[in-house]
Engineer: 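Mind looking over this structure? Questions follow.
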There are 2 protein chains.
Amino acid sequence: MQEEIPGTKKRIRADAARNEDAVLEAAKTVFATSGVDAPVREIAKTAGVGVGTLYRRFPKRSDLVVAVFKREVDACAADAKTLAKDHPPGEALSRWLRRYCQFIVTKKGLASALHSGDPAFDALPDYFRSNFEPALQNLLSAAAKAGEARSDIDAYDLLRAIGNLASAGSTSGGKAGDDPEHHEGMQHTYRMLDLMIDGLRYGKSG
Amino acid sequence: MQEEIPGTKKRIRADAARNEDAVLEAAKTVFATSGVDAPVREIAKTAGVGVGTLYRRFPKRSDLVVAVFKREVDACAADAKTLAKDHPPGEALSRWLRRYCQFIVTKKGLASALHSGDPAFDALPDYFRSNFEPALQNLLSAAAKAGEARSDIDAYDLLRAIGNLASAGSTSGGKAGDDPEHHEGMQHTYRMLDLMIDGLRYGKSG
DNA sequence: TGATAAACGGAACATTGTTCCGTATTTGGA
DNA sequence: TCCAAATACGGAACAATGTTCCGTTTATCA
């Protein structure tokens, strides 16, 4: 979260840094497994840490939720750059859109928390957009310039469209289980996504 | 809630009936004042009743929320009939739409509960629509027949439109306070509503 | 290596939903 | 009118959870 800023008084203790990371990682796992409403204690235990430690870094439960969310937004946005480096533009675009779709699907539970009215989450939508829109815009532009995708699609529109697709296709809640209906819904979602991607890359417009 | 059905074994005890009503009334008040997340104890105390009494009638907190919601839907829908009896068709229509708008505004907190994924609330949207759509349809038809409103508007569309208007204009949460911004938003909402009503009654179409 | 600041862990506290049960009230019949 | 059974009542007690507190442990640095 916060780097070594020159002006900062003291270094962060090694164990503290290690634990902060462990907590974030545990929270990510637990949120995915048991939903965003999972008890703080469960996260602390998974991280192999006492609740006190967790609360020192994240004074409110919502702070932890926000931190995990931002961290995953960062990771997903960062993947855009990686994919752009490792693949031809059209392919990078396709892959990232699938990656993004997966992000949305796994954040379903969180999404409902966002609209819960808790002011703690007010900043998240902006964070979401300000990271994803440029990330996608770059992929889109590169693909368009290479003639590997149409150029008349707005990044934000696409983000929203896929977001809607994905939320419509997943059962509400945010747990992870092996619910078969859930899997069918997912398959359907990914099929629709592929349709959009194909349209984007090979559609009649240029 | 449940009437005297001939097949029923025993009569409901008088104090029980009285208390059920007191609880519903108290819940309505408390939800309006402190939001739908208000503690059960506060509702019980307001009703002048122990929590045990409350829980016998409403085994889950959500049961109480649902009951209050339905009761207010009933009340609002019933007002449509009353207004139709006491006013000329166009006027009845106007008045009821304002009444409905007020209903929506005060149920903002509840609305977010609806989309919380809790299956306890799954039946509410249907209840909402199946009561309000016919109620409005009647007013609309009567007004149209009397030449006091245009006839090309769908009842459900109108319900949704006003619903959106009202939710957009109110600050999230569902509390009641004297927040001045909230009041401004409300004024704006009602101004927009009046615009729609005027369009409905005096617009160019017949 | 030892002093000190920083961090740790988890018991303890506060709030809330829910259950339990001894007590009080209503009801229907004698 | 009065009694016994049925019913309902109230609120203490329990469980789950977020959050705070503080005695103990550990990392850092000279």
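Every chain is numbered from 1 and lettered A, B, ... according to where its sequence line falls, protein lines coming before strand lines.
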Engineer: Is there a donor-acceptor contact under 3.5 Å from the side chain of A:Trp96 to the main chain of A:Ala77?
Structural biologist: no

Engineer: Using a heavy-atom cut-off of under 4.0 Å over every strand shown, decide if A:Arg61 touches base, sugar-phosphate, or nothing.
Structural biologist: sugar-phosphate

Engineer: One thing to verify: whether B:Lys28 and B:Glu25 come together as a salt bridge, which I'm taking to mean a side-chain N less than 4.0 angstrom from a carboxylate O.
Structural biologist: yes

Engineer: When we call it a touch if two heavy atoms are under 4.0 Å apart, what does B:Arg57 touch: a base, just sugar-phosphate, or nothing?
Structural biologist: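 The answer is sugar-phosphate, as B:Arg57 gets under 4.0 Å only of primed atoms, P, OP1 or OP2.
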
Engineer: Expressed in angstrom and rounded to an integer, what is the separation of B:Asp15 atom CG from D:dG10 atom C1'?
Structural biologist: 13 Å

Engineer: With a 3.5 Å cut-off and no angle check, do the side chains of A:Tyr55 and A:Asp63 form a donor-acceptor pair?
Structural biologist: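 Distance-only check fails for A:Tyr55 and A:Asp63.
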
Engineer: Compute the angle between the rotation axes at the two ends of the helix from C:dT1-D:dA30 to C:dA30-D:dT1, each taken over five pairs, rounded to 10 degrees.
Structural biologist: 10°

Engineer: Once you round it to whole Å, what is the distance between P of C:dG9 and CZ of A:Arg41?
Structural biologist: 15 Å

Engineer: Measure the distance from CD1 on B:Ile43 to P on C:dT18 and round it to the nearest whole Å.
Structural biologist: 11 Å

Engineer: Using OP1 and OP2 only, check whether a side-chain N or O of A:Thr53 sits under 4.0 Å from C:dA7.
Structural biologist: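 No, A:Thr53 has no side-chain N/O under 4.0 Å of OP1/OP2 on C:dA7.
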
Engineer: A:Arg11 CZ to C:dA6 C1': how many Å, rounded?
Structural biologist: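 Rounding to the nearest Å, CZ of A:Arg11 and C1' of C:dA6 are 13 Å apart.
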
Engineer: Please determine whether a side-chain nitrogen of the Lys or Arg among A:Arg160 and A:Asp154 lies less than 4.0 Å from a carboxylate oxygen of the Asp or Glu.
Structural biologist: no

Engineer: What I'd like to find out is whether the side chain of B:Glu20 reaches to under 4.5 Å of the side chain of B:Arg56, using heavy atoms alone.
Structural biologist: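 They are not in side-chain contact.
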
Engineer: Could you check whether A:Phe103 and A:Phe132 have their ring centres less than 6.0 Å apart?
Structural biologist: yes

Engineer: Return the value, rounded to whole Å, for the distance between atom CZ of A:Arg56 and atom P of D:dG18.
Structural biologist: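 Rounded to the whole Å, the gap is 18 Å.
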
Engineer: Without decimals, in angstroms, what is the distance between B:Asp37 CG and C:dG17 P?
Structural biologist: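 Interatomic distance, CG of B:Asp37 to P of C:dG17: 9 Å.
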
Engineer: Would you please say whether a donor-acceptor pair under 3.5 Å links the side chains of B:Ser141 and B:Gln137?
Structural biologist: yes

Engineer: A:Ala16 or B:Ala38: which one's nearest nucleotide on DNA chain C is closer to the 5' end?
Structural biologist: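 Result of the comparison: A:Ala16.
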
Engineer: Respond yes when some side-chain nitrogen or oxygen of B:Asn19 is under 4.0 Å from OP1 or OP2 of D:dC9, and no when none is.
Structural biologist: yes

Engineer: To the nearest Å, how far apart are B:Tyr55 OH and D:dC14 P?
Structural biologist: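 Distance, rounded to whole Å: 17 Å.
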
Engineer: Under 4.0 Å between a side-chain N or O of B:Arg13 and OP1 or OP2 of C:dT27?
Structural biologist: no

Engineer: Between P on D:dA12 and NZ on B:Lys45, what's the gap in Å once rounded to a whole number?
Structural biologist: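 Taking atom P of D:dA12 as the reference, NZ of B:Lys45 is at 11 Å.
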
Engineer: Can you work out whether A:Val49 or B:Ser62 has the more 5'-proximal nearest nucleotide on DNA chain C?
Structural biologist: A:Val49

